[in-house]
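Accompanying notes for the structure given below.
For the numbers below, each heavy atom of this structure counts, side chains included, while hydrogens, waters and symmetry mates do not. In this text, all values refer to a predicted model and were calculated from it rather than measured experimentally.
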Amino acid sequence: MTITPHWFLPTSGDGRTIVERFHANRSLGPVAQREPTIDYLAQIARAAEQLGFEGVLTPTGTWCEDAWLTTAALIRETKRLKYLVAFRPGVISPTLAAQMAATYQRISGGRLLLNIVTGGDSVEQKRFGDFHDHDQRYARTDEFLTIARGVWSGEPFDFTGEHLSVEGATVLAPPDPVPPLYFGGSSPAALPVAAKHADVYLTWGEPPAQVADKIRRVRELAQAQGRRIRFGIRLHTLSRDTSAEAWAEAQKLLDALSPEQVAKAQAQLAASESEGQRRMVALHGGGLDRGVRGLEIHPNLWAGIGLVRGGAGTALVGSHGEVADLIEEYHSLGIEEFVLSGYPHLEEAYWFAEGVLPELAHRGLLRGTRDQRTALREERHVAAQ
């Protein structure tokens, strides 16, 4: 089992601080230093492809450019890169989404990955006309994905559910391949849906012990349904040639925050219905008074980004070797896919790819590489015989 690295497209803008544009509320920070123009996003996408990332996650939300349209515009800018398109199943017809995915696969040559975002913020959901409560949203997601997979079967599909119903749903031709479904959620309502439908279960970057427990629960639920699920994790990254340099950069990110910004962000995040968001908030304690290293919640796992940013709030911080060590620790738990980002996204893609990826390759954790230590042990074993 090797590691698959992915990067991120900042479709709400980019910059050198984490307060450029809070992903759920633009009022918390100034306008991004780098607007999410198609030219800038194409620059990041091309860099990600050239640097060896498998794909790029494109987020969904009020303050982001639409993920479907943005990534479709980038298909011709790259040749191999896959696009992990995040979308909300409650605001689009499942048959239309299945049709869009099938078309996307044909025009991209099979480069679509789908990130199902059920939604944990009722304020955000209501902007899109969705007034379901938290558990109803997950029940509807279950029906949505049942329909989508039925449509992709190539035969007219009928379904009658509590939230969604279709008759004779079909598409011009099934997608080839069927796009893998990436799915997150930590609540009791979310985990059974993940076990039933997800190809890759995504967790935010909690400490390894918490991630291990979540993997165990999802794996048991999936096995009960006769399914095997892969696991991925969503993290930021800040790696440098030395640990001191990396933590100095983290300190700069912290210095850019004001107590007022943190307090306002935390008040909004506390209102989220998302269990995963609640777990993120619990990691850092909500204040600046702990200092940069006080927000290190596990060796080289830093919770400072979650002070003002919703969603993924932790970062891998350290030397390239230290970051590789923590990735290897997550990998030992069963994490295969790492969806990463940094500030700014163009520069941090290079720092990670040129610093950490060679470390991972040396350890045999990337496709096409072999662990040098294992090879040495095998050579010694042969010599001893």
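- Nearest heavy atoms, D14 versus L346: OD2-N, 4.1 Å.
- The two residues K214 and S186 make their nearest non-hydrogen contact at NZ-OG, 2.9 Å.
- From L181, atom CG reaches atom CD1 of I116 across 5.0 Å, with rounding to the nearest 0.5 Å.
- With sequence neighbours excluded, the residues forming a side chain to side chain contact (heavy atoms under 4.5 Å, CB included) with E329 are P208, H298, L326, listed by chain and number.
- A donor-acceptor pair under 3.5 Å links the side-chain atoms of R227 to the main chain of A195, judged by distance alone.
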Pair L257, L307 - check side chain to side chain contact (heavy atoms under 4.5 Å, CB included), show working. CA-CA 9 Å; L257 306 179; L307 292 174; 4.0 Å; yes

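- Under the 4.5 Å side-chain heavy-atom criterion for Ile, Leu, Val, Met, Phe, Trp and Tyr, L114 and L69 are members of distinct hydrophobic clusters.
- Between the side chain of Q210 and the backbone N or O of P207 there is no donor-acceptor pair closer than 3.5 Å.
- Applying the salt bridge (Lys or Arg N to Asp or Glu O under 4.0 Å) criterion to D213, with sequence neighbours excluded, gives R216, R217.
- Across all their heavy atoms, A86 and A67 have their closest contact at O-CB, 3.6 Å.
- The only option from L254, L238, L235, I297 that meets the side chain to side chain contact (heavy atoms under 4.5 Å, CB included) definition with W302 turns out to be L254.
- Here the NE2 atom belonging to H320 is positioned 4.0 Å from the CG atom belonging to D241, to the nearest 0.5 angstrom.
- Scanning for salt bridge (Lys or Arg N to Asp or Glu O under 4.0 Å) contacts around R219 gives an empty result, with sequence neighbours left out.
- In summary, of the residues considered (L113, L84, T4), a side chain to side chain contact (heavy atoms under 4.5 Å, CB included) with E54 occurs for T4 alone.
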Show, in sequence, the C-alpha distance, side-chain angles and deciding distance for E260 and K264, and conclude whether the salt bridge (Lys or Arg N to Asp or Glu O under 4.0 Å) test is met. CA-CA 6 Å; E260 293 75 22; K264 189 171 183 178; over 6 Å; no

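- We find the CG-CZ distance between L41 and R46 to be 10.5 Å, quoted to the nearest 0.5 Å.
- Residue V339 is not grouped with residue F53 when hydrophobic side chains (ILVMFWY) are merged at heavy-atom distances under 4.5 angstrom, including chains of intermediate members.
- Atom CE of M1 sits about 8.5 Å away from atom CD1 of I335, to the nearest 0.5 Å.
- Remark: the backbone N or O of E49 is paired with a side-chain donor or acceptor of R80 at under 3.5 angstrom.
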Would you sort out whether E245 and E249 count as a side chain to side chain contact (heavy atoms under 4.5 Å, CB included), showing the intermediate values? CA-CA 6 Å; E245 289 176 287; E249 291 299 321; 5.9 Å; no

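- Side chain of E322 to backbone of V317: no donor-acceptor contact under 3.5 angstrom is found.
- The salt bridge (charged side-chain N to carboxylate O under 4.0 Å, His left out) pairs that include a residue from residues 96-112 number zero, where partners must be two or more places apart or lie in different chains.
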List the atom pairs, with distances to 0.1 Å, where a side-chain N or O of residues 347-354 and a protein N or O form a donor-acceptor pair under 3.5 Å, not counting sequence neighbours.
{"unit_1": "E347", "atom_1": "OE1", "unit_2": "R34", "atom_2": "NH1", "d": "3.0"}
{"unit_1": "E347", "atom_1": "OE2", "unit_2": "R16", "atom_2": "NH2", "d": "3.1"}
{"unit_1": "E347", "atom_1": "OE2", "unit_2": "R34", "atom_2": "NH2", "d": "2.7"}
{"unit_1": "E348", "atom_1": "OE1", "unit_2": "R240", "atom_2": "NH1", "d": "3.2"}
{"unit_1": "E348", "atom_1": "OE2", "unit_2": "R240", "atom_2": "NH1", "d": "3.2"}
{"unit_1": "E348", "atom_1": "OE2", "unit_2": "R240", "atom_2": "NH2", "d": "2.8"}

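- A centroid separation of less than 6.0 Å is found between the aromatic rings of Y343 and H236.
- Screening residues 169-182 for side-chain hydrogen bond (donor to acceptor under 3.5 Å, both in side chains), with sequence neighbours left out, gives Y182-E337.
- Between the side chain of H345 and the main chain of G342, a donor-acceptor pair closer than 3.5 Å is present.
- Judged as a salt bridge (Lys or Arg N to Asp or Glu O under 4.0 Å), and not counting sequence neighbours, the contacts of E336 are R228.
- Rounded to the nearest 0.5 angstrom, L74 CG and S108 OG are separated by 12.0 Å.
- Nearest heavy-atom pair, W152 versus P174, reported as atom, atom and distance to 0.1 Å: O-CB, 3.3 Å.
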Please test F157 against T95 for side chain to side chain contact (heavy atoms under 4.5 Å, CB included), starting from the C-alpha separation and ending with a verdict. CA-CA 10 Å; F157 185 75; T95 305; over 6 Å; no

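- Taking the ring-ring contact (aromatic ring centres under 6.0 Å, His included) definition, one finds that W68 meets it with F87, sequence neighbours left out.
- Inspection of the D255 and Q251 side chains reveals an N or O donor paired with an N or O acceptor under 3.5 Å.
- Residue W7 comes nearest to I44 through the heavy atom pair CD1-CG2, 4.0 Å, listed as atom of the first residue, atom of the second, then distance.
- With 3.5 Å as the limit, one finds a donor-acceptor pair spanning the side chains of T118 and T141.
- Taken to the nearest 0.5 Å, the CD atom of Q223 stands 9.5 Å off from the CD1 atom of I229.
- Under the rule for a ring-ring contact (aromatic ring centres under 6.0 Å, His included), Y330 has no partner lying at least two apart in sequence or in another chain.
- The two atoms that bring G205 and T314 nearest to each other are O-OG1, 2.7 Å, heavy atoms only.
- Partners of E296 under the salt bridge (Lys or Arg N to Asp or Glu O under 4.0 Å) rule, at least two apart in sequence or in another chain, are R293.
- Side-chain atoms of E143 do not come within 3.5 Å of backbone N or O of G161 as any donor-acceptor pair.
- Checked by atom type, the side-chain pair S341/R234 shows a donor-acceptor distance below 3.5 Å.
- Proximity of a side-chain donor or acceptor of Q105 to a complementary backbone N or O of V178 within less than 3.5 Å is not detected.
- Judged as a side-chain hydrogen bond (donor to acceptor under 3.5 Å, both in side chains), the pairs with a partner in residues 153-168 (not counting sequence neighbours) are, in order, H132-H163.
- L202 and F231 end up in different hydrophobic clusters when Ile, Leu, Val, Met, Phe, Trp and Tyr side chains are linked at under 4.5 Å.
- Residue I3 is grouped with residue L316 when hydrophobic side chains (ILVMFWY) are merged at heavy-atom distances under 4.5 angstrom, including chains of intermediate members.
- At a threshold of 4.5 Å between non-hydrogen side-chain atoms, the residues F8 and P59 count as touching.
- Under the 4.5 Å side-chain contact rule for hydrophobic residues, V117 and V91 do not share a cluster.
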Could you walk me through whether E65 and T70 satisfy the side chain to side chain donor-acceptor pair (under 3.5 Å) test, starting with their C-alpha distance in whole Å, then the side-chain angles of each, then the deciding distance to 0.1 Å, before giving a yes or no? CA-CA 7 Å; E65 297 287 13; T70 300; 5.4 Å; no

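- Judged as a ring-ring contact (aromatic ring centres under 6.0 Å, His included), and not counting sequence neighbours, Y83 has no contacts.
- When each of L9, N115, T71, V85 is checked for a side chain to side chain contact (heavy atoms under 4.5 Å, CB included) with L57, only N115 meets the rule.
- Using cut-offs of 30° and 60° on the angle between ring planes, the pair Y138 and F183 is perpendicular.
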